[in-house]
Protein chains: 2
Amino acid sequence: MTTVLIADDQPLQRFGFRMLLESQDDLTVLGEASNGSEAIRMTAQLHPDVVLMDIRMPGLDGIEATRRIVATGDRTRVLILTTFDLDEYAHAGLRAGASGFLIKDAQPEELLSGIRSVATGDAVVAPSLTRRLLDAYAHHLPAGGAAEGASQVDPRLSALTEREREILTVIGKGWTNSEIAARLHLAESTVKTHVGRILAKTGSRDRIQAVILAYDSKLVEPA
Amino acid sequence: MTTVLIADDQPLQRFGFRMLLESQDDLTVLGEASNGSEAIRMTAQLHPDVVLMDIRMPGLDGIEATRRIVATGDRTRVLILTTFDLDEYAHAGLRAGASGFLIKDAQPEELLSGIRSVATGDAVVAPSLTRRLLDAYAHHLPAGGAAEGASQVDPRLSALTEREREILTVIGKGWTNSEIAARLHLAESTVKTHVGRILAKTGSRDRIQAVILAYDSKLVEPA
DNA sequence: GCCACCGTAGTACCGCGGTACCACGCCCCT
DNA sequence: AGGGGCGTGGTACCGCGGTACTACGGTGGC
């Protein structure tokens, strides 16, 4: 028997998941959490085999919740379920230690088999994401290494090197590539290389997403 | 007995809706459509009392499907259900003739009562949308002027028209021109015209500066 | 009745941004 | 001595973004 905790801020979505899971003999829903903090608390208390985790939740989001749950060393596995197949999320989610990543745009059967796979220790990634994930990881692996303390660093930035975070900061200030090159005494091609890696690592499709990330992660502060 | 057609491209979402609705004695699900065209065809065939319509669907979207269903003059009512409470959607949806507009971030009871209201000819709008809808419709009358609240609008945004502020908001969310066009039902050239005027009026050299402005002026909030 | 503004839409053009791929020197670790 | 990560730099290509200009229907003001 596999036990599951549902973490999603949308009541209707939770309801659907619960109905689907409980229609299966081998799956039991232990509870429902509507945000990240709740998910962490309930996981510590109920020790489910699998947490079905939504990313977008008020307060503590699914990525951060995943990180903390995985950090406990408990045997609970996290399967992230999101509406969008943005690599940004996939990256951050997998870096956070999730065992799987599926998009909600999936057949019920896929979700069920995903849960069963994750419960037995396997990993699952939505087909539509697999390719891009491989590309991104082939491009460059994490490195990051230490940086354990780091405290309130946004997990999505954790893969970036020192220099890359610097560049991201000025991207967030709206500088163009040529401006960055001039003011940091670099060749524009170097700047492009950095920017490319930043986009790949953070899963941003263009510098605009990176600007938004810089703001959301408080790398740059609103004026 | 109220009959319902579910139109949503996400199988899991449909499953949840179906389970919820069928748990009620007075509601029957006649069928499920996974895109707009299917919704239209099935409506013409099954004549449900209510169509539960998602906006984002591949091919023909929910707005256009709503328009065509309403245009048939049939007594079928459309209740739009969307993930986001963007006013663009609400506007477009209600203009298209929808009888209601709810966000998926709702309690199951709200959805059920919404369906019953719409079936009896009433209209339903999600509480979080009501205010903005009223604001927008008020603007329809006297061209703003008063705007008693006036709130804390950033002076740099004061030259913008209502529509331009809308566009700037989604620019701030990182949408590309083509995404804006698609989701707001505009031609890309129109979007470019708007963007160009926004940049000119705000003194931004590119959309990146506009994104930063949107954050700094609190037009969009950090996640 | 006319004019100004707004929202819509189109065409044509060009440059920056992003990608793909390659390359080299430095430093740290084994 | 090797290897891997990092920062630097280069070339080539292409698509999206932004500009310039035009146009037209609707609405509200005068």
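Below, read A as the first sequence line, B as the second, and so on, with proteins coming before strands; counting in each chain starts at 1. If you're wondering where the values come from, they're calculated on a predicted model, not measured in any experiment.
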(Q) Could you check whether any side-chain heavy atom of B/L52 comes within less than 4.5 Å of a side-chain heavy atom of B/L111, counting everything from C-beta outward? (A)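 Counting from C-beta outward, B/L52 and B/L111 do come under 4.5 Å.
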Q. Has A/H194 got a side-chain N or O lying under 4.0 Å from the OP1 or OP2 atom of D/dG7?
A.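 A/H194 to D/dG7 OP1/OP2: no side-chain N or O under 4.0 Å.
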Q) Can a side chain N or O of B/T190 be found less than 4.0 Å away from OP1 or OP2 on C/dT8? A)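 No.
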Q: Using the test side-chain contact (heavy atoms from CB on, under 4.5 Å), find all partners of B/S189 that sit at least two apart in sequence or belong to another chain.
A: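 Expected list: B/A187.
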Q | Which residues share a side-chain contact (heavy atoms from CB on, under 4.5 Å) with A/A39, sequence neighbours left out | A |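 So A/A39 forms a side-chain contact (heavy atoms from CB on, under 4.5 Å) with A/A7, A/A33, A/M53.
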Which pairs, protein N/O on one side and nucleotides 28-30 of chain C N/O on the other, fall under 3.5 Å?
none

**Q.** Five-pair end axes of the helix from C/dG1-D/dC30 to C/dT30-D/dA1, angle between them (10°)
**A.**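 For the helix from C/dG1-D/dC30 to C/dT30-D/dA1, the axes at opposite ends meet at about 40°.
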**Q.** side-chain hydrogen bond (donor to acceptor under 3.5 Å, both in side chains) partners for B/S204, two or more places apart
**A.**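 side-chain hydrogen bond (donor to acceptor under 3.5 Å, both in side chains) check on B/S204 returns B/T202.
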**Q.** Sequence-distant partners of A/T176, side-chain hydrogen bond (donor to acceptor under 3.5 Å, both in side chains), two or more places apart
**A.**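 So A/T176 forms a side-chain hydrogen bond (donor to acceptor under 3.5 Å, both in side chains) with A/S178.
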Q) Do you know which two heavy atoms are closest between B/T169 and B/V220, and how far apart they sit? A)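 Closest approach of B/T169 to B/V220: O-CG1, 3.5 Å.
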Roughly, in whole Å, what's the span from [atom1] in [X] to [atom2] in [N]?
X	N	atom1	atom2	answer
A/R163	D/dG7	CZ	C1'	8 Å
A/H185	D/dG7	NE2	P	18 Å
A/L160	D/dG7	CG	C1'	14 Å
B/L184	C/dG7	CG	P	12 Å

Q | Results of salt bridge (charged side-chain N to carboxylate O under 4.0 Å, His left out) for B/E38 - residues two or more places apart only | A |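 Scan of B/E38 (salt bridge (charged side-chain N to carboxylate O under 4.0 Å, His left out), adjacent residues dropped) gives none.
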Q | Set of residues satisfying salt bridge (charged side-chain N to carboxylate O under 4.0 Å, His left out) with respect to A/E166, sequence neighbours excluded | A |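 With sequence neighbours excluded, A/E166 shows a salt bridge (charged side-chain N to carboxylate O under 4.0 Å, His left out) to A/R163, given in chain and number order.
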Q: Let me know which of A/T161, A/I167, A/T193 forms a side-chain contact (heavy atoms from CB on, under 4.5 Å) with A/I198.
A: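 Of the listed options, the one satisfying the test is A/I167.
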Q: Summarise protein proximity over nucleotides 11-22 of chain D in one line of letters, 5' to 3': B for base, S for sugar-phosphate only, - for none, counting protein heavy atoms closer than 4.0 Å.
A: B-----BBS---
(Q) Enumerate the side chain to side chain donor-acceptor pair (under 3.5 Å) contacts for residues 40-50 of chain B, please, sequence neighbours excluded, ordered by first and then second residue. (A)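 Only B/T3-B/D49, B/H47-B/D74, B/D49-B/R75 qualify under side chain to side chain donor-acceptor pair (under 3.5 Å).
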Q) Base, sugar-phosphate, or nothing: which does B/T161 touch, judged by heavy atoms less than 4.0 Å apart? A)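 Sugar-phosphate only.
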Mind listing the side-chain donor-acceptor pairs of residues 205-215 of chain B below 3.5 Å, one per line with the distance, residues two or more places apart or on another chain?
residue: B/R205; atom: NH1; partner: A/E179; partner atom: OE2; Å: 2.6
residue: B/R205; atom: NH2; partner: A/G174; partner atom: O; Å: 3.1
residue: B/R205; atom: NH2; partner: A/E179; partner atom: OE1; Å: 2.7
residue: B/R205; atom: NH2; partner: A/E179; partner atom: OE2; Å: 3.1
residue: B/D206; atom: OD1; partner: B/I208; partner atom: N; Å: 3.1
residue: B/D206; atom: OD1; partner: B/Q209; partner atom: N; Å: 3.1
residue: B/R207; atom: NH1; partner: B/N177; partner atom: OD1; Å: 2.9
residue: B/R207; atom: NH2; partner: B/W175; partner atom: O; Å: 2.9
residue: B/R207; atom: NH2; partner: B/N177; partner atom: OD1; Å: 3.3
residue: B/Q209; atom: NE2; partner: A/G174; partner atom: O; Å: 3.3
residue: B/Y215; atom: OH; partner: A/D216; partner atom: OD1; Å: 3.1

